[in-house]
Amino acid sequence: MSLSQKAESIASEFVLSDDDVRKCSKQFIFELGEGLKHVVPTVCQIPTYVTKVARGTEKGVSLAVDLGGTNLRVCSVELKGDTKWTAKHAKRVIPPETMTGSNGAELFHLIAHEIDQFFQLHHRDTLQKLRQSKDVLPLGFTFSYPAYQTSINSGILLRWTKGFDIPDVINKDVCQLLQVAIDDFNLPVEVTALVNDALGALMFRAYTLPLSQTRTSVGAIFGTGTNGVYLEKLSNITKALGTHDDSTGEMFISSEWGSFDNGLLVQPNTKYDMKVDQSSINPGNQMFEKRVSGMFQGELLRVALNELYADPDACLFRGVQWDDPAQGEGPAPFFTRWAIDTSLLSIAAAENAQELTALSEALVKTLRIPANHVSADDVRAVKTIADAIGKRAARLAGMAIGSALIKGGRITVDRNILPVTRVTEDFSGVEAVDIAVDGSVVELYPGFERYMREVWRVIDGIGPAGEKMIKMGVAKDGSSIGAAIIALIVANGRASHTATP
Ligand code: BGC
């Protein structure tokens with residue numbers, strides 16, 4: 001077999017057929033249902049206590065802190081009430097030793113310190129006024145890890161994901177830890193809402209949509225990690241819920257779908273997936289995330305290429321000397337975990353199979369292989385495998401969004417009067433469903449949406465007519481502003497309750 005045939009053969013292991021998609025979707029909808037009945041460790045279906053979507057008419061000022069992947073962001077937002085807003089931002093990298101340290105207090109002290117610095121830099125006067133008037137600013141805490149909520153402003157951390165590992169914080173209320181740290185700085189700030197990034201993105205998009213447009217009912221992140229939130233009927237949530245507003249009969253649920261099918265009943269599973277899982281910090285967990293998100297796709301590619309390289313007949317990177325000084329200091333990136341970033345898959349997907357100049361240059365740079373050892377056949381082989389990994393991820397992502405739409409009752413096909421697709425949309429008379437997405441993978445991977453749409457067309461319960469009704473938009477970096485919006489809605493709600501006798 002030639003190099004290209006061997007690459008094709010590896011790529012074929014990543015194929016997810018339409019039948020596989022339908023099987024996964026069935027199991028996905030089942031797991032979403034189970035998570036509404038019991039507190040399960042996998043797709044844990046976290047109640048968010050947010051029961052209304054933003055309308056774009058909200059007004060006021062609030063803050064947000066966003067603990068995402070490696071960055072910590074603080075922002076203040078002013079909502080103008082006409083779908084417009086202004087914001088000030090600050091961002092810093094979280095030191096790796098804090099991300100995996102033993103001391104949770106250190107992390108929360110760092111966050112509060114950033115809020116303090118943010119006030120000093122952008123809102124010194126506001127700080128003084130608030131202290132004098134003894135008022136507080138509401139803060140939305142975007143926390144992009146599974147924290148089980150029993151109210152809008154409390155959440156017990158179930159597990160860390162995406163490389164964070166501070167055991168000390170597990171089983172603790174992250175809002176309380178943040179509030180204590182904020183109070184230590186004597187800041188007039190109240191943690192009013194705990195918000196997953198997927199919900200933040202959704203609220204941001206909903207606020208910014210033209211007032212006449214259908215409100216957003218599903219939010220999804222495909223970045224370092226992955227997750228989705230969707231609007232569920234309260235009557236379907238039969239596990240215990242804390243005090244909540246039941247006026248809309250619905251609540252946003254944060255699925256934590258990164259842990260879908262941890263038991264690998266229906267998900268595709270190659271030997272490369274198994275290797276990546278085994279060398280991760282949480283083997284056996286977040287098994288869907290490990291196939292779909294940006295943290296893992298580059299590593300999957302590296303592991304698959306290592307397999308190809310190990311086959312002497314394939315002659316990948318023929319004649320390369322890994323101890324060549326051109327490789328630079330330290331171990332060769334090709335054999336080093338995480339050395340290939342998922343952005344390489346986007347470069348591969350964007351390239352025309354005939355030219356491949358950008359991919360070739362990226363390979364030389366990333367793997368520090370001298371250019372004369374990277375042949376056109378090598379680059380083509382890399383593209384073949386990279387495209388297969390990227391396409392599988394996008395199809396799985398489409399399966400997850402499509403299943404959430406079906407579970408939330410947003411799209412229902414009336415089988416008796418086929419081919420009519422009836423789309424249920426509660427917010428306005430417009431017949432469409434709106435989805436907010438964010439994250440580097442969905443934003444930057446060429447064809448990600450196209451692959452998702454292909455899946456929606458073949459999924460039971462959506463079909464070609466349903467697919468056309470789905471509108472999707474990137475809520476770029478919307479998770480912080482979305483959390484600030486939710487914090488403001490909560491604070492305004494409280495104020496109106498106290499004002500009403
Ligand atoms: C976390 C989710 C988060 C997602 C996207 C996952 O690893 O468990 O809470 O929403 O990443 O950031």
Side-chain angles (χ1 to χ4, degrees), residues 31-32 35 40-48 50 64-73 94 99-100 140-149 155-166 169-170 174-175 193-205 218-230 252-262 276-277 280-297 299 342 393 396-397 400-401 404 435-445 448 474-483 486:
E31 290 195 19
L32 291 177
V40 295
T42 51
V43 177
C44 36
Q45 296 282 70
I46 299 173
T48 65
V50 173
V65 155
D66 192 332
L67 186 71
T70 44
N71 288 317
L72 170 67
R73 292 162 206 262
I94 304 161
M99 283 172 67
T100 53
F141 183 16
T142 312
F143 188 73
S144 311
Y145 305 90
Y148 201 87
Q149 292 187 240
I156 305 293
L157 178 64
L158 301 175
R159 56 182 178 271
W160 287 108
T161 58
K162 297 178 291 194
F164 260 86
D165 188 16
I166 315 172
V169 187
I170 294 189
V174 292
C175 284
L194 181 65
V195 181
N196 183 272
D197 51 354
L199 182 58
L202 182 153
M203 276 303 215
F204 174 62
R205 177 162 164 89
V218 170
I221 303 288
F222 301 104
T224 310
T226 183
N227 188 21
V229 298
Y230 73 101
F252 281 105
I253 297 287
S254 172
S255 65
E256 284 299 335
W257 68 34
S259 268
F260 164 62
D261 192 23
N262 276 348
V276 169
D277 178 46
S280 70
I281 56 167
N282 51 359
N285 274 309
Q286 300 290 104
M287 298 303 256
F288 182 71
E289 181 159 280
K290 284 173 182 161
R291 283 148 181 79
V292 170
S293 81
M295 179 152 176
F296 298 96
Q297 287 185 56
E299 179 62 1
T342 294
L396 283 170
I401 291 188
I435 298 173
V437 289
D438 196 18
S440 51
V441 176
V442 62
E443 194 198 340
L444 303 176
Y445 189 84
F448 202 82
V474 177
K476 186 152 173 50
D477 294 336
S479 54
S480 318
I481 298 181
I486 295 173

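Read the numbers this way: they start at 1 and go in the same order the structure lists the ligands and their atoms.
Between Arg159 and Phe164, every side-chain heavy-atom pair lies at or beyond the 4.5 Å cut-off. The shortest side-chain heavy-atom distance between Val50 and Gln149 does not fall under the 4.5 Å cut-off. Contact check for Asn262 versus Asn285: side-chain heavy atoms found under the 4.5 Å cut-off.
Formation of a donor-acceptor pair under 3.5 Å by the Trp160 side chain with backbone atoms of Tyr145 is not found in this model.
In the model, Ser255 has no side-chain atom that pairs as donor or acceptor with a side-chain atom of Gln45 under 3.5 Å. Side-chain polar atoms of Asp197 and Ser144 form a donor-acceptor pair below 3.5 angstrom. Side-chain contact of Asn227 with Ser254: a donor-acceptor pair under 3.5 Å is present, judged by distance alone.
The protein non-hydrogen atom at the shortest distance from atom 11 (O) of ligand 1 is Lys162 NZ, 3.2 Å. Protein heavy atom nearest atom 6 (C) of ligand 1, with residue, atom name and distance: Glu289 OE1, 3.1 Å. For atom 10 (O) of ligand 1, the closest non-hydrogen atom on the protein side is Asp197 OD1, 2.6 Å. Atom 9 (O) of ligand 1 has Glu256 OE2, 2.5 Å as its closest protein atom, hydrogens excluded (heavy atom only).
Each of the atoms 9 (O) of ligand 1 lies under 4.0 Å from some heavy atom of Tyr145. Less than 4.0 angstrom separates some heavy atom of Gln286 from each of these atoms of ligand 1: 7 (O), 8 (O). Proximity to Thr161 (heavy-atom distance under 4.0 Å) selects the following atoms of ligand 1: 1 (C), 6 (C), 7 (O), 8 (O). Within ligand 1, the atoms closer than 4.0 Å to a non-hydrogen atom of Asn196 are 2 (C), 3 (C), 9 (O), 10 (O), numbered from 1 in the order shown. Counting atoms of ligand 1 from 1 in the listed order, those under 4.0 Å from a heavy atom of Thr226 are 4 (C), 5 (C), 6 (C), 11 (O).
Atom 3 (C) of ligand 1 has its nearest heavy-atom neighbour, among Ser144, Ser479, Gly219, in Ser144.
Shown here for Ser480 and Ala64, the closest heavy-atom pair between the two residues is O-CB, 3.2 Å.
By the 4.0 Å heavy-atom criterion, Pro146 is counted among the residues contacting ligand 1.
Contacts with ligand 1 closer than 4.0 Å are made by no heavy atom of Thr224, backbone or side chain.
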